[in-house]
There are 2 protein chains.
Amino acid sequence: MRRHYATIKDIARALNISVSTVSRALRDTYDVNAETRQMVLDKAAELNYRPNFNATGLVKNSSHNVAVLLPAITNYYFSTVFTGIQEVAYRHGYNLILHVTNDDAERELNIIRSLSFSSLDGMLVSVSSQADACDHFQEIIDDGVPVVFFDRVAEHVGTSKVMQDDYNGAFEATEHLIAKGYRRIAHLAGPQGLTFTANRLQGYLDALRKHKLPVQESWIIHSGFGQESGYQDFQQLWELPEKPDAIFAVNDRKAVGAMLAMKEMKIIPGKEVGVIGFTNDPVSAIISPSLSTIAEPAYEIGRVSCQLLLNHIRKKNFVAEEVVLPGKLIERESTQRNR
Amino acid sequence: MRRHYATIKDIARALNISVSTVSRALRDTYDVNAETRQMVLDKAAELNYRPNFNATGLVKNSSHNVAVLLPAITNYYFSTVFTGIQEVAYRHGYNLILHVTNDDAERELNIIRSLSFSSLDGMLVSVSSQADACDHFQEIIDDGVPVVFFDRVAEHVGTSKVMQDDYNGAFEATEHLIAKGYRRIAHLAGPQGLTFTANRLQGYLDALRKHKLPVQESWIIHSGFGQESGYQDFQQLWELPEKPDAIFAVNDRKAVGAMLAMKEMKIIPGKEVGVIGFTNDPVSAIISPSLSTIAEPAYEIGRVSCQLLLNHIRKKNFVAEEVVLPGKLIERESTQRNR
DNA sequence: AATTTCACCGGTAACGTTACCGAAAACGTC
DNA sequence: GACGTTTTCGGTAACGTTACCGGTGAAATT
């Protein structure tokens with residue numbers, strides 16, 4: 001049976017002083033004698049007192065809770081971002097309520113509808129990939145709830161956003177393939193409608209254009225983010241009359257999927273078909289041949305997002321910021337022609 | 001600026017009825033006319049009413065929050081367990097507050113100290129690996145807070161526990177190596193002091209004993225759970241005068257680390273030295289040669305743990321249960337002598 | 001000595017919600 | 001038509017905490 005936790009009243013009664021004095025003593029040394037304060041602190045420790053966040057939240061109209069909305073947690077990128085978020089939240093005494101949407105727009109909506117914003121100080125969100133409609137987020141923001149988007153941002157929603165430099169990363173990845181001698185470069189893109197899918201595609205296109213290479217519509221395939229998508233996409237590419245000689249994948253998992261398909265077809269990645277990914281997922285170093293990629297600053301994105309949100313929560317007239325963090329090319333075996 | 005959310009009082013005022021009636025209408029059709037109820041529901045929707053969980057939590061002495069304590073989230077096993085937990089919690093309307101300990105006992109303690117159990121309905125925890133002292137957990141349980149341990153359990157704490165069948169999994173893994181013709185089998189173990197490290201070690205030892213194979217003390221290395229640990233451990237093994245011809249690693253990441261070390265030394269996994277892991281991390285299928293392993297029911301462990309906790313929260317006189325879920329041998333290339 | 005100042009403390013109301021009890025109205029029964 | 005029963009509602013207190021204001025006594029000032 002659940003025992004009764006010691007409250008501020010219990011301390012007051014035990015010490016024969018008033019609850020207001022105890023309350024003051026417990027959080028700040030304002031209007032309270034040093035001795036009294038020490039007395040209260042000692043008694044609180046003795047009774048194993050824990051503040052009731054429901055009560056403080058009620059009167060101060062703020063819990064110390066922040067909701068985090070993620071498409072998934074079982075992948076390197078999001079779990080690393082979360083770890084970064086967590087680091088900052090932990091240091092500032094905030095709790096993180098994690099909701100996973102499974103990349104399902106309906107579930108995302110359900111979760112948002114069930115949130116109690118009266119017991120939430122803010123939100124960190126990476127939207128699900130099929131969410132075309134983002135009105136629900138705008139509503140929340142209009143209600144004055146601090147929200148920070150990261151990675152997958154809702155473009156037309158007016159609030160802070162943190163992301164990696166998708167355009168330049170994609171540009172650099174594509175240019176790297178070109179520098180290595182590949183000429184017929186395909187792109188395994190993400191789902192349509194996401195800002196960062198579009199940005200990476202644009203970086204790819206502009207790099208091709210700069211080097212006067214042809215853009216083949218059939219070499220650009222939009223599909224999901226999973227490994228299987230990359231696997232299928234490569235098979236589709238290989239049925240084309242005109243086959244590419246290199247692949248830039250929107251993320252490492254799709255690149256890995258493509259490499260597995262190549263392995264089955266006895267095609268050697270790098271030597272015959274160059275492959276580069278995006279993320280720097282640990283598997284990219286483990287797979288053989290190892291996968292060249294653009295490293296994303298996942299941990300940093302988490303840290304910065306959370307820091308921004310906390311500023312937003314604390315400052316009264318906070319103006320939304322957009323932060324873009326650079327990626328970094330990591331050259332490995334999958335883009336080396338001669339090994 | 002944060003706007004004021006509609007409360008139950010606003011609804012009452014707008015409809016010119018009492019708050020108690022609104023309260024009753026809002027949650028259950030008890031003692032309230034159907035028309036009145038519909039009126040309230042409509043008005044609530046119109047005003048975009050959201051219940052204040054701080055208030056309900058205060059009066060009912062229970063939020064709908066469950067704390068989840070994990071050593072890390074950036075790995076396949078824990079993130080999958082969390083996904084399972086999340087599935088059940090979502091269906092029952094519970095929020096998950098995720099705390100990551102980074103496998104640091106001090107941080108674990110800090111987190112626990114800062115928890116407000118008055119606004120927590122229960123806890124799901126996998127203890128950090130260096131936590132020898134688990135008194136703090138016992139205190140919490142004595143205070144009547146429902147707690148369920150999973151995977152890394154605190155042995156002497158009296159509460160529900162959910163884990164995979166470490167002993168039999170390890171036994172099966174070792175026996176598989178033996179069946180494949182390996183005879184000098186080493187074990188890359190986890191840190192001392194953890195129940196499941198001990199169980200896997202025992203399974204390994206008993207399998208050797210059953211088949212009358214020698215137990216070499218120097219072939220059993222205790223270290224961390226990371227890939228680097230596996231890498232270093234293998235190097236240490238290979239400096240031994242008497243080298244093993246197979247390795248059973250306590251998890252896939254250490255097995256992968258060992259395989260990477262082998263790769264550098266031009267040793268071919270499987271052919272020369274058999275390797276088997278534990279977990280069925282997705283990398284085990286991606287790495288080449290692919291890694292044989294014991295698949296852990298991670299998702300199931302999460303589901304069952306959460307379900308058990310919810311039962312614990314709801315039933316008044318709940319008796320602690322221990323659930324052990326079986327693993328499954330997955331045979332891949334790293335244990336095939338002739339390929 | 002009278003007054004002002006200051007440090008410290010207590011009482012009350014409030015935050016949004018639910019539990020509990022009593023009251024009023026509507027209904028049925030004889 | 002008097003009575004009991006049922007349905008439906010309202011008022012009050014409480015959950016644990018903080019904000020606000022007012023009061024007490026001692027010290028400092030004149």
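Letters A, B, ... mirror the listed sequences (proteins, then strands); counts begin at 1.
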Given atom CZ of R50(A) and atom P of dC15(D), what is their separation to the nearest angstrom? 21 Å
Under 4.0 Å between any heavy atoms, over every strand shown, what does T56(B) touch: base, sugar-phosphate, or nothing? Just pick one. sugar-phosphate
When only distance counts, do a donor and an acceptor, one from the side chain of N61(B) and one from the base of dC15(D), lie under 3.5 Å apart? no
Can you tell me how the ring of F149(A) sits relative to the ring of F137(A), calling it parallel under 30°, perpendicular over 60° and tilted otherwise? perpendicular
Within this structure, what is the CG-to-C1' distance between N33(A) and dG10(C), rounded to whole angstrom? 15 Å
Check the distance between dT17(C)'s P and N52(A)'s CG and give it to me in whole angstrom. 16 Å
Could you tell me the separation between the NZ atom of K9(A) and the P atom of dA13(D), rounded to a whole number of Å? 14 Å
With a 4.0 Å cut-off, would you call R113(A) and E139(A) a salt bridge? no
Taking the six-membered ring for Trp, is the centroid-to-centroid distance between Y299(A) and Y76(A) below 6.0 Å? no
In this structure, how many angstroms lie between the C1' atom of dT18(C) and the CG atom of L58(A), rounded? 13 Å
Taking only side-chain nitrogens and oxygens of R24(B), does any of them come within less than 4.0 Å of OP1 or OP2 of dT7(D)? no
First of Y49(B) and S20(A) reached from the 5' end of DNA chain C, by closest nucleotide: S20(A)
Aromatic ring proximity, centroids under 6.0 angstrom, Y49(B) and Y5(B): no
